[in-house]
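Here the structure comes first, spelled out in structure tokens, and everything after it is commentary.
Both backbone and side-chain heavy atoms feed into the values below; hydrogens, waters and symmetry mates do not. In this text the structure is predicted, and so the values were computed from the model without any measurement.
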Amino acid sequence: MKIKDAEIITLMQSPRTQEKGVRALMDAYQSRLYWHIRRIIVDGDLAQDTLQETFIKAYQNFHQFKNDSQLYTWLYRIATNEALQQVNKLKKMQKTDEDPEYYMQNLVADNVSSDAEEIQILLQRAIQSLPEKQKLVFMMRYYDDLPYEEISKIVDMSVGTLKTNYHYAKQKIEEYIKENYEK
């Protein structure tokens with residue numbers, strides 16, 4: 001039986017049932033949040049660590065949840081912020097032979113071995129080449145199929161700006177694939 005957000009919120013608000021609420025929160029959102037984070041970070045282990053940090057922050061700051069948005073919107077915002085912090089840490093890292101962008105793009109290629117998935121690899125590389133805002137908007141819209149209004153609440157941008165970012169991201173991805181696809 002799937003627990004509803006209202007039940008999770010009620011459990012989380014009482015110190016007596018908070019532990020049960022955290023378990024229900026994790027059961028309900030762990031998979032969706034993991035894949036959201038994983039598309040931003042790429043590295044599975046780092047994505048898992050970031051997911052744990054997301055749930056810790058949600059637990060520690062649940063008193064700040066105002067119930068004026070959906071629970072998953074609030075969680076996605078925390079997960080997005082945590083993932084972007086990790087990306088920024090990766091960018092600051094100094095690799096001896098490679099920069100972080102190259103490292104992140106190659107993680108995709110290293111994790112996929114089948115020639116049949118060449119287009120998927122190309123898509124992931126194209127997404128990784130986007131500016132951060134466009135990448136984030138594209139992933140939330142394309143993979144998570146979130147409406148612009150929800151994305152707006154998560155990333156604190158206007159719907160018009162989001163639509164523009166998504167449009168430019170799609171254009172850049174199409175161009176990247178056309179330029180780099182070898183038949």
Side-chain angles (χ1 to χ4, degrees), residues 5 8 12 18 21-23 25-111 123-159 161-162 164-166 168-169 172-173:
D5 284 355
I8 293 172
M12 290 292 293
Q18 197 170 31
V22 169
R23 282 195 303 271
L25 184 75
M26 291 176 72
D27 288 345
Y29 291 104
Q30 188 164 5
S31 180
R32 284 177 73 190
L33 289 175
Y34 172 78
W35 287 109
H36 170 66
I37 293 167
R38 178 73 189 264
R39 285 187 288 273
I40 296 171
I41 294 181
V42 181
D43 179 85
D45 292 335
L46 189 54
Q48 189 64 45
D49 292 346
T50 305
L51 176 66
Q52 295 307 315
E53 286 298 317
T54 298
F55 284 122
I56 290 168
K57 287 253 170 90
Y59 170 75
Q60 291 173 338
N61 297 298
F62 197 79
H63 63 280
Q64 294 177 351
F65 177 67
K66 304 265 186 278
N67 225 358
D68 58 353
S69 66
Q70 293 183 22
L71 186 57
Y72 83 85
T73 303
W74 185 71
L75 290 169
Y76 263 60
R77 186 173 200 150
I78 295 170
T80 300
N81 289 338
E82 288 297 309
L84 291 176
Q85 284 179 359
Q86 288 298 331
V87 167
N88 288 334
K89 285 180 190 175
L90 278 176
K91 284 183 178 178
K92 289 178 185 175
M93 282 184 349
Q94 292 298 324
K95 293 282 180 198
T96 53
D97 296 330
E98 50 190 281
D99 72 312
E101 290 297 320
Y102 179 80
Y103 171 74
M104 288 172 64
Q105 287 178 357
N106 282 340
L107 278 174
V108 175
D110 291 343
N111 289 331
L123 174 62
Q124 291 305 315
R125 287 185 175 158
I127 292 170
Q128 291 302 320
S129 74
L130 293 172
E132 284 303 318
K133 285 182 183 179
Q134 290 177 10
K135 183 188 324 181
L136 188 60
V137 171
F138 181 82
M139 289 188 299
M140 293 173 104
R141 184 83 177 130
Y142 181 80
Y143 288 113
D144 298 330
D145 199 29
L146 292 176
Y148 287 113
E149 293 75 19
E150 290 299 316
I151 299 172
S152 174
K153 292 175 186 174
I154 293 168
V155 298
D156 199 25
M157 271 190 237
S158 73
V159 171
T161 302
L162 291 172
T164 301
N165 274 299
Y166 185 72
Y168 285 132
K172 289 177 183 178
I173 288 170

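Taking each heavy atom of L33 and T54 in turn, the nearest pair found is CD1-CG2, 4.4 Å. The heavy-atom pair separating F62 from L71 by the smallest distance is CE1-CD1, 4.0 Å. What you find for Q86 and I41 is that their closest heavy atoms are CB-CD1, 3.7 Å. The minimum heavy-atom distance between A47 and Y34, with the atom names listed, is CB-CE1, 3.8 Å. Nearest heavy-atom pair across D5 and Y72 is OD2-N, 4.4 Å. Scanning both residues, T50 and A83, for their nearest heavy atoms gives CG2-N, 3.7 Å.
A distance of 13.0 Å separates CG in L51 from CZ in R32, rounded to the nearest 0.5 Å. If you take CD on E82 and CG on D49, they are separated by 11.5 Å, rounding to the nearest 0.5 Å. The CG atom of N81 sits 9.5 Å away from the CG atom of D156 when rounded to the nearest 0.5 Å. Rounded to the nearest 0.5 Å, atoms CG (L162) and CD (E150) are 11.5 Å apart. Remark: R77 CZ to L75 CG distance equals 12.5 Å, nearest 0.5 Å. Distance check, rounded to the nearest 0.5 Å: OG1 of T80 to NE2 of H36 gives 3.0 Å.
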Could you please spell out the steps behind the side-chain contact (heavy atoms from CB on, under 4.5 Å) verdict for H63 and M12? CA-CA 9 Å; H63 63 280; M12 290 292 293; over 6 Å; no
Before giving the answer on side-chain contact (heavy atoms from CB on, under 4.5 Å), spell out for E132 and L136 the whole-Å C-alpha distance, their side-chain angles and the decisive distance to 0.1 Å. CA-CA 6 Å; E132 284 303 318; L136 188 60; 6.0 Å; no
Determine, step by step, whether K133 and M157 satisfy the side-chain contact (heavy atoms from CB on, under 4.5 Å) criterion, reporting the C-alpha distance in whole Å, the side-chain angles of both residues, the deciding distance to 0.1 Å, and the verdict. CA-CA 10 Å; K133 285 182 183 179; M157 271 190 237; 3.8 Å; yes
Worked check of side-chain contact (heavy atoms from CB on, under 4.5 Å) between V22 and F55: CA-CA 8 Å; V22 169; F55 284 122; 5.9 Å; no
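Looking at M139 and D144, their side chains never come closer than 4.5 Å, going by heavy atoms from C-beta outward. Residues Y76 and L146 are in side-chain contact: their nearest non-hydrogen atoms beyond the backbone lie under 4.5 Å apart. In this structure, the side chains of K89 and V87 stay at 4.5 Å or more apart for every pair of heavy atoms.
Within 6.0 Å of OH on Y148 lie more than 12 heavy atoms contributed by other residues, nucleotides or ligands. The environment of K153 atom NZ is dense: over 12 non-hydrogen atoms of other residues, nucleotides or ligands sit within 6.0 angstrom. Within a 6.0 Å radius of OH in Y59, no more than 12 heavy atoms belonging to other residues, nucleotides or ligands are found. Around atom OH of Y142, no more than 12 heavy atoms belonging to other residues, nucleotides or ligands sit under 6.0 Å away.
The backbone N or O of L46 lies less than 3.5 Å from a partner atom in the side chain of D43, making a donor-acceptor pair. R38 places a side-chain N or O within 3.5 Å of a backbone atom of V42 that can act as its donor or acceptor partner.
The aromatic rings of F138 and Y143 stand perpendicular to each other, their planes meeting at an angle above 60°, with 30° marking the opposite boundary.
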